[in-house]
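Protein chains get the first letters and strands the later ones, always in sequence-line order, with residue 1 at the start of each. Please read all numbers here as calculations on a predicted model, not as lab measurements.
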2 protein chains.
Amino acid sequence: MHTLAEENYLKAIYKLAATNPSVSTNQIAASLDTKASSVTDMLRKLADKMLINYQRYQGVSLTQSGEKVAINIIRKHRLWEYFLVEKLNFKWDEVHDMAEEMEHISSNELIDRLDEFMGFPRRDPHGDPIPDSNGHFKTNDLKPISALAVSSAGVISGVRDHSAVFLQYLEKQGLTIGKKIAVKEVISYDNTVVLQMDNKVLQISREVANNLLIAI
Amino acid sequence: MHTLAEENYLKAIYKLAATNPSVSTNQIAASLDTKASSVTDMLRKLADKMLINYQRYQGVSLTQSGEKVAINIIRKHRLWEYFLVEKLNFKWDEVHDMAEEMEHISSNELIDRLDEFMGFPRRDPHGDPIPDSNGHFKTNDLKPISALAVSSAGVISGVRDHSAVFLQYLEKQGLTIGKKIAVKEVISYDNTVVLQMDNKVLQISREVANNLLIAI
DNA sequence: GTGTATTTTTAGGCTTGTCTAAAAAAATTA
DNA sequence: TAATTTTTTTAGACAAGCCTAAAAATACAC
């Protein structure tokens, strides 16, 4: 259907579009660890295939058909991550790179059967929503712990940073999906957040609080 | 590790080497549906990487390290086929192309966990042996029905032709893995084989008898 | 054993996706 | 608004993997 490179560009643009309405060449280059000139080349190709809206120097956005492709790749990625964790017992910090390869397996029939096999999960191991076979999914209404007022509480439901180091740190602290936490205090000096969890008190940095997402 | 093209060449050479001691450029070209000149290019590359033994005009064979790579790809292919049939309920004639993509997922840890998850199956849905994580497997001691003497019996245990049309035909006739058959008669005119199976009598052509494998 | 046919290799080219270096456009700053 | 900086694009090159056409090596036939 589409080449591996095309799929990766579409996914990158989709993710960047979540925070920026129009996505720039340099943003894409940074996100794919490639050069701006390579991005320009690919943007012409994607525009020719009507997968993006692109005019020189104007930034890009996905067309409906480009967005459909991007969401389908994300669906595959998250379902394979779920499979790796729930069926093959990998840890949540181990699955990203494998899923990065598996998301390009082309068959939609396969991914639909996998979805069914696992009982139609709607969250991946990092708390991200899994699109259904029509590309529909709940947008994440989660907020970072850093946005919580003192003495409010919530359930850990997602992460903003998916890096292995961050996930391993959370695991070690017991800060995993589903855990109930309450904000006891925010230290004004450096915005360290003091949390109550399981009758324990622990402190997390502003950085961590920014990347740990809560449902209230 | 290795590129997709390299892996496909090594697999093709491995399979051809089963019947031919030294494999020719044209055989590889035919098997990969590519041109002889493209094969020559790739053979130089594989030889540079010490994956094959190759001298101009002399045919090729796999080195130990090339064979290891080839067997690992076959292991992955067959385990994914097993997964698709046993866990996702695909039919045996539907899985080849999907497994052809999935065999290139690189992680060995993943494939070992998949193997364990499925209970270490040692035969894929077509009866082919699945190499273990050390690359060891029983060589197939199966013989085609056409090699059976009249009134001898056996169990259907494999196929030589993996094409969807052939598999669908077998399915329709009930000639699936595990079924017990006995040879009642061979019609001398065209070598049609008359079989007894499940209290039914059925006839199969010489062609089919050549491609349906039996353990005695 | 010489001539013909086949197989294999070489030579040169194309596409995809990348790069560097330079040019052009846009954005920012004074 | 003019000068400078940043961003983006263009131009030209390269590796991988394929192609066609032609040359070289090998195999086959008589």
Side-chain angles (χ1 to χ4, degrees), chain A residues 1-17 19-62 66 69-70 73 100-101 103-104 106, chain B residues 1-14 16-17 19-62 66 69-70 73 100-101 103-106:
Chain A
M1 190 65 179
H2 304 99
T3 68
L4 196 141
E6 281 171 2
E7 291 191 349
N8 284 335
Y9 272 86
L10 292 172
K11 186 174 60 148
I13 295 167
Y14 180 83
K15 291 195 170 180
L16 291 167
T19 43
N20 316 67
S22 168
V23 179
S24 78
T25 301
N26 266 1
Q27 284 177 309
I28 299 168
S31 129
L32 292 175
D33 194 25
T34 184
K35 301 292 159 168
S37 56
S38 307
V39 174
T40 301
D41 281 354
M42 182 57 93
L43 293 184
R44 258 201 323 98
K45 273 180 227 165
L46 294 173
D48 287 351
K49 295 190 175 186
M50 312 281 267
L51 293 164
I52 60 172
N53 304 114
Y54 170 59
Q55 313 239 66
R56 277 152 73 256
Y57 296 102
Q58 299 312 131
V60 297
S61 61
L62 294 177
V69 174
I73 294 160
E100 206 74 358
E101 283 184 68
E103 72 192 9
H104 301 290
S106 59
Chain B
M1 193 65 179
H2 303 100
T3 68
L4 196 141
E6 281 170 4
E7 291 191 347
N8 285 334
Y9 273 86
L10 292 172
K11 186 174 59 149
I13 295 166
Y14 180 83
L16 291 167
T19 43
N20 315 68
S22 168
V23 179
S24 78
T25 301
N26 265 1
Q27 283 177 309
I28 299 169
S31 131
L32 291 175
D33 195 24
T34 184
K35 301 292 159 168
S37 55
S38 307
V39 174
T40 302
D41 281 353
M42 181 59 91
L43 293 185
R44 259 200 325 98
K45 273 180 230 167
L46 293 174
D48 287 351
K49 297 191 175 184
M50 313 280 267
L51 294 164
I52 59 172
N53 304 115
Y54 170 59
Q55 313 240 68
R56 278 153 70 256
Y57 296 102
Q58 299 312 132
V60 298
S61 62
L62 293 177
V69 174
I73 294 161
E100 206 73 359
E101 283 185 68
E103 72 191 9
H104 301 291
I105 304 293
S106 59

In whole angstrom, what separates B:Ile28's CD1 from D:dG17's P? 15 Å
Verify the contact: side-chain N or O of B:Ser24 to OP1 or OP2 of C:dT7, cut-off strictly under 4.0 Å; return yes or no. no
Value for CG (A:Asn53) from CG (A:Leu46), rounded to nearest 0.5 Å, stands at 11.5 Å
Under-4.0 Å side-chain N/O to phosphate OP1/OP2 contact, B:Thr34 with D:dG17: no
Decide yes or no, distance alone: a donor-acceptor N/O pair under 3.5 angstrom between the base of D:dT20 and the side-chain of B:Ser37. yes
In whole angstroms, the gap separating P of C:dT15 from CG of A:Asp41 amounts to 14 Å
Distance-minimising heavy-atom pair for B:Thr34 and B:Ser38: OG1-CB, 3.6 Å
From CD1 (B:Ile105) to CD1 (B:Ile73), nearest 0.5 Å: 12.5 Å
I need the residues from residues 44-54 of chain A with at least one non-hydrogen atom less than 4.0 Å from DNA chain C; give them sorted by number, or say none. A:Lys45
Under 4.0 Å, heavy atoms only, any strand: does B:Thr25 hit a base, just the sugar-phosphate, or nothing? sugar-phosphate
Spacing between A:Tyr57 atom OH and C:dA25 atom C1', to the nearest angstrom: 4 Å
Counting side-chain heavy atoms from CB outward, which of D:dC18, C:dC19, D:dT9 is closest to B:Ser38? D:dC18
Rounding to a whole Å, what distance do you find between B:Leu32:CG and D:dC18:C1'? 12 Å
Is there a residue in residues 1-9 of chain A whose heavy atoms reach under 4.0 Å of DNA chain C, and which residues are they? A:Thr3, A:Ala5, A:Tyr9
B:Leu43 CG to C:dT9 P, in whole Å, measures 7 Å
How long is the line joining CD of A:Gln27 and P of D:dT7, in whole Å? 10 Å
Side-chain N or O of A:Asn26 versus OP1/OP2 of D:dT8: is the shortest distance under 4.0 Å? yes
Please check: side-chain N/O of B:Glu7 versus main-chain N/O of B:His104, any donor-acceptor pairing under 3.5 Å? no
Rounded to whole Å, the CZ-P distance (A:Arg56 to D:dT9) equals 8 Å
Identified side chain to side chain contact (heavy atoms under 4.5 Å, CB included) counterpart of A:Ile13 within the set A:Asn8, A:Leu32, A:Asn20, A:Val60: A:Val60
Salt bridge (Lys or Arg N to Asp or Glu O under 4.0 Å) with B:Glu6: which of B:Lys45, B:Lys49, B:Lys11? B:Lys49
For A:Glu101 and B:Ser106 the tightest heavy-atom approach is OE2-OG, 2.6 Å
In this structure, how many angstroms lie between the P atom of D:dT8 and the CD atom of A:Gln55, rounded? 15 Å
To the nearest 0.5 Å, tell me how far A:Ile52 CD1 sits from A:Ile28 CD1. 7.0 Å
In terms of heavy-atom contacts, A:Leu10 and A:Ala70 come closest through O-CB, 3.7 Å
